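All values reported here derive from a predicted model rather than from experimental measurement. Heavy atoms only: backbone and side chains are in, while hydrogens, waters and symmetry mates are out.
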Amino acid sequence: MEGETGVASSGWFVIISLPEGETLEVPKKAQVVHDEGRLWERRDLFFGGIIWFFWRRLGQVFYLTRDIQVENLHELLVNVSSMSTVQVEFLRGGIAHPFLITTDSSSFNAVKKVMYSFPGRNFDLHDVKINGRLDRDHLQKIITYKKAYDKEDLFNPGKLSF
């Protein structure tokens, strides 16, 4: 993605965004790139937007994601990195949100088998409804609100089964 972002990488890299004026101590062997907005301006390439990038380049994309415990992330990456492109976000509570992308159905099925061998929660990108993308407590709060204040489902209609 160097041509798209201006940042070269020959392997794994981590993007960390900090408010202006804040610093972060990084290991001595880490390469630090002060982006000054280049990556932010191309943020559409990351997470869901990366699908568009791959589709434009390769014409076909298969992807999935699953929320897993961060302790399991290394093992997952070892098992899928040769078959897929991986992007990971880290969420509160020690949760990793790996986003796996392949370009053919056989790799996708192999990656899917590995991914689902880890305990976790599916993050259903293919469903219009948000029920498959939220944790139970968060979802229950939204359902309670909808039942109390939006019984006719006027706000974001059809996005939630309640």
Is it the case that over 12 heavy atoms from other parts of the model lie below 6.0 angstrom from the CD atom of Glu75?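 Not buried by this count: 12 neighbours or fewer within 6.0 Å.
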How long is the gap from [atom1] on [X] to [atom2] on [Y], to the nearest 0.5 Å?
{"X": "Leu76", "Y": "Ser117", "atom1": "CG", "atom2": "OG", "result": "7.5 Å"}
{"X": "Leu64", "Y": "Tyr116", "atom1": "CG", "atom2": "OH", "result": "5.0 Å"}
{"X": "Asn79", "Y": "Lys113", "atom1": "CG", "atom2": "NZ", "result": "12.0 Å"}

May I ask you to test the [X]-[Y] pair for a side-chain heavy-atom distance under 4.5 Å?
{"X": "Val80", "Y": "Val86", "answer": "yes"}
{"X": "Thr65", "Y": "Leu100", "answer": "no"}
{"X": "Glu89", "Y": "Pro98", "answer": "no"}
{"X": "Leu73", "Y": "Phe90", "answer": "yes"}
{"X": "Gln140", "Y": "Ile143", "answer": "yes"}
{"X": "Thr103", "Y": "Phe108", "answer": "no"}

Looking only at heavy atoms, what is the nearest atom pair of [X] and [Y], with distance?
{"X": "Ala110", "Y": "Met83", "value": "CB-SD, 3.6 Å"}
{"X": "Asp104", "Y": "Ser107", "value": "OD1-N, 2.8 Å"}
{"X": "Ile101", "Y": "Phe99", "value": "CD1-CE2, 3.5 Å"}
{"X": "Asp150", "Y": "Lys146", "value": "OD2-NZ, 2.6 Å"}
{"X": "Val88", "Y": "Ala96", "value": "CG1-CB, 4.2 Å"}

Quick check: does any side chain N or O of Asn156 sit under 3.5 Å from a backbone N or O of Lys159, one acting as donor and the other as acceptor?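 No, the answer is negative, given that no donor and acceptor are paired below the 3.5 Å cut-off.
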Check: Lys112 main-chain N/O paired with Arg66 side-chain donor or acceptor under 3.5 Å: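 Judged by distance alone, no pair lies under 3.5 Å.
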Supply the members, apart from Tyr149, of the Ile/Leu/Val/Met/Phe/Trp/Tyr cluster built from side-chain contacts under 4.5 Å; use none for a lone residue. Tyr145
Sequence neighbours excluded, which residues qualify as side-chain contact (heavy atoms from CB on, under 4.5 Å) partners of Ser105? Phe62
Side chains of Ser106 and Asn109 only: does a donor on one sit below 3.5 Å from an acceptor on the other? no
Would you say Leu160 ends up clustered with Phe155 if hydrophobic residues are merged whenever their side chains have heavy atoms under 4.5 Å apart, either directly or through other cluster members? no
